[in-house]
Number of protein chains: 2
Amino acid sequence: MNETVGSMVRLTFLVQNLFADVGQGCGLTVAQSLLLCSLNDRAVGMAELATKLGLERSSLTGLVDRAEQRGLVARESDPSDRRAIKVALTPGGRDAGHRFHDQLRVRLDEVLSELTATDRTHFTRVLAQLVADVPAVFSD
Amino acid sequence: MNETVGSMVRLTFLVQNLFADVGQGCGLTVAQSLLLCSLNDRAVGMAELATKLGLERSSLTGLVDRAEQRGLVARESDPSDRRAIKVALTPGGRDAGHRFHDQLRVRLDEVLSELTATDRTHFTRVLAQLVADVPAVFSD
DNA sequence: TATTGTTATACTCTATAACTATA
DNA sequence: TATAGTTATAGAGTATAACAATA
């Protein structure tokens with residue numbers, strides 16, 4: 001395996017493990033962490049949310065069910081369309097999402113702190129180029 | 001969210017999606033792809049394999065069961081310890097693993113082809129530094 | 001008819017706890 | 001006693017297909 005490719009896969013698993021670990025510390029599964037990150041700024045309909053998360057609508061039903069049972073999100077009815085449901089963060093969900101977000105930033109910054117300032121600047125620029133077409137995971 | 005951190009998370013999801021997509025094209029789940037990659041060069045005992053994959057032994061039992069039902073791996077007894085089981089690739093599992101490996105390399109190379117040669121060299125060096133402590137996913 | 005969301009069902013993946021067989 | 005592996009059980013996550021309500 002090509003060296004750059006192998007390193008990219010390893011970096012991926014490093015970040016995924018960090019993501020899962022930080023989530024666990026906040027009482028969140030990976031899927032729940034992504035759900036909360038998708039709701040940071042506004043209530044979102046089930047269909048739009050499913051598209052954003054890359055899930056079937058039926059899969060999202062279960063994910064939202066479990067998150068709702070844990071008090072992280074709430075379903076709201078939409079006055080303008082009686083078929084539609086909007087999913088919104090509860091105060092507890094917002095707290096958990098913020099803690100997750102902050103801690104992930106700290107943990108990833110630790111990883112990046114090994115780099116010199118020059119390397120980090122360069123790395124940031126190249127990363128931005130590589131992920132230009134990838135939708136943002138976080139709303140900020 | 002800090003820009004470098006956000007880009008790293010996005011790169012992670014890009015690579016993970018690629019990993020899952022290539023696996024699906026080879027008839028493999030993500031867990032099965034990782035299992036095959038861990039067996040590339042030799043038969044491995046269940047306990048060692050569980051450690052390598054970061055799973056409980058009982059979780060690995062099920063993963064190997066399903067992979068065995070699909071003809072990807074086989075359990076072999078160990079003459080030197082009658083408690084032990086070694087897991088080995090079948091010819092079909094070896095084929096699937098090679099196809100997965102080759103296609104993933106191609107797909108990731110496509111992503112990296114956006115970079116100039118200079119950027120890629122620099123990126124490779126920085127990546128190697130970041131993942132120095134992460135165990136290799138592939139055996140080569 | 002098309003869209004929104006849910007239900008029913010099935011499978012994969014994972015963990016914890018209890019167990020068997022062997023060292 | 002300690003180790004290797006399995007079984008039993010539970011829960012999360014996901015998909016497909018069929019459905020109900022509304023647009």
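Throughout, protein chains are lettered first and strands after them, A, B, ... in sequence-line order, and every chain is numbered starting at 1. Side chains are part of it too, since the values below use all heavy atoms of this structure and drop only hydrogens, waters and symmetry mates.
Counting only heavy atoms from C-beta on, A:Ala31 has its side chain closest to D:dG13 among D:dG13, C:dT3, D:dT6. Considering only the side chain of A:Arg83, C:dA2 comes nearest among C:dC13, C:dA2, C:dT7. Comparing D:dT14, C:dT14, D:dA23 against the side chain of A:Leu55 picks out D:dT14 as the nearest. Checked against D:dG13, C:dT4, D:dG5, the side chain of A:Leu63 finds its nearest nucleotide in D:dG13.
In this structure, A:Thr29 reaches the sugar-phosphate backbone alone: every heavy-atom distance under 4.0 Å involves primed, P, OP1 or OP2 atoms, never a base. Across all strands shown, B:Leu60 has no heavy atoms under 4.0 Å from either base or sugar-phosphate atoms.
In this entry the distance linking CZ of A:Arg66 with C1' of C:dT14 reads 14 Å, nearest Å.
Look at B:Arg120 and B:Asp109 and you find a salt bridge, because one of the NZ, NE, NH1 or NH2 atoms lies within 4.0 Å of a carboxylate O, short of that distance.
Note on B:Ser58: every side-chain N or O is 4.0 Å or more away from OP1 and OP2 of C:dA15. Using a 4.0 Å cut-off, no side-chain N or O of B:Arg82 falls inside it from OP1 or OP2 of D:dA4. Remark: B:Arg75 is in phosphate contact with D:dT6, judged by side-chain N or O atoms under 4.0 Å from OP1 or OP2.
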Give the C-alpha distance, both sets of side-chain angles, the deciding distance and a yes or no for side-chain contact (heavy atoms from CB on, under 4.5 Å) between B:Val134 and A:Leu11. CA-CA 8 Å; B:Val134 183; A:Leu11 179 65; over 6 Å; no

